[in-house]
Amino acid sequence: GDNIYSLDIDDSEILQNSIQEIGSFDTLYFLYGFTVFNDEINDNVKFDNSHKLGLITLFKLLKVVQKQNTMPSIKHIKIITGNAFKIYNSDVINPFSAEIHGFIKSLSREYPNINISCIDVNFNNKEKWDKIVSTIIAKEPHTKGLDFAIRNNVSLIRKMVPSKIQSTNK
């Protein structure tokens with residue numbers, strides 16, 4: 001069967017030993033921004049903690065994996081965020097979850113042989129988590145670091161759409 005590991009990233013020596021013990025793996029799932037937040041988006045302590053547990057942790061993890069020479073075995077990296085995208089008017093955006101998307105785009109350029117994607121789920125919704133998890137596992141990541149969202153058990157992709165600019169006559 002599949003092996004699932006949860007790693008403590010606060011101690012870099014433990015992290016290095018854990019990655020070495022795990023050996024090679026083909027898919028890395030990283031839960032990002034699954035924090036309860038409120039209207040206090042200017043709370044520097046919450047932002048710093050979110051940053052430390054999110055972006056910095058992912059960066060440290062990838063550096064350890066690279067140092068252990070495990071990176072060539074990885075085929076997929078799926079970063080799962082909570083409420084980073086506003087899909088419906090009722091969605092509330094988690095600002096602590098939204099910072100990762102630019103990093104993912106850069107990461108996909110740095111590692112073009114790894115399929116990297118971000119999958120956003122509605123953390124506050126009462127959807128069946130087993131269906132969401134099944135969709136995340138089945139979702140094929142994209143080499144361009146595309147952003148996906150899952151709402152009401154439907155997988156959506158975020159795309160730039162060209163729009164026609166109206167000319168102004170002066």
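Being a predicted model, the structure only gives us computed values, none of them experimental.
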Test log, rule side chain to side chain contact (heavy atoms under 4.5 Å, CB included), inputs Thr81 and Ile100: CA-CA 9 Å; Thr81 58; Ile100 191 72; 3.6 Å; yes

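- Going from atom NZ of Lys105 over to atom CD1 of Ile116 covers 11.0 Å, rounded to the nearest 0.5 Å.
- You'll find the side chain of Phe30 reaches within 4.5 Å of the side chain of Leu61, heavy atoms only.
- Using a 4.5 Å cut-off on side-chain heavy atoms (C-beta onward), Asn122 and Asn83 make contact.
- Every residue two or more places apart in sequence or in another chain that forms a side-chain contact (heavy atoms from CB on, under 4.5 Å) with Gln16 is listed here: Val64, Lys67, Gln68.
- In this view, Phe103 satisfies the ring pair (Phe, Tyr, Trp, His ring centres under 6.0 Å) rule with no residue, not counting sequence neighbours.
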Residue pair Ile77, Tyr111: steps toward the side chain to side chain contact (heavy atoms under 4.5 Å, CB included) verdict: CA-CA 10 Å; Ile77 297 176; Tyr111 299 105; 5.9 Å; no

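- Looking at residues two or more places apart in sequence or on another chain, you find a side chain to side chain donor-acceptor pair (under 3.5 Å) between Ser155 and Lys139.
- Sequence neighbours left out, the pairs with a member in residues 84-94 that pass salt bridge (Lys or Arg N to Asp or Glu O under 4.0 Å) are Asp91-Arg151.
- No more than 12 heavy atoms of other residues, nucleotides or ligands shown are found within 6.0 angstrom of CZ on Phe59.
- Annotation for Asp147 and Phe85: closest pair CB-CZ, 3.4 Å, computed over non-hydrogen atoms.
- Note: Ile79 CD1 to Leu31 CG = 10.5 Å, rounded to the nearest 0.5 Å.
- Residues Ile93 and Ala84 come closest through the heavy atom pair CG2-O, 3.7 Å.
- Here the straight-line distance linking atom CG of Leu28 with atom NZ of Lys78 works out to 11.0 Å at 0.5 Å rounding.
- For Glu13, the side-chain contact (heavy atoms from CB on, under 4.5 Å) partners at least two apart in sequence or on another chain are Asp11, Asn17.
- Across all their heavy atoms, Ala149 and Ile87 have their closest contact at CB-CD1, 3.8 Å.
- Scored by the side-chain contact (heavy atoms from CB on, under 4.5 Å) test, Ile165 finds no partners at all (sequence neighbours excluded).
- Between Ile104 and Cys118, the shortest heavy-atom distance links the atoms CD1-CB, 3.3 Å.
- In this structure, Ile80 CD1 and Ile150 CD1 are separated by 8.5 Å, a value rounded to the nearest 0.5 Å.
- Put simply, CG on Asp120 and CG on Leu156 are 10.0 Å apart, with the number rounded to the nearest 0.5 Å.
- Thr27 is not listed as a side-chain neighbour of Ile74, based on a closest heavy-atom distance of 4.5 Å or more.
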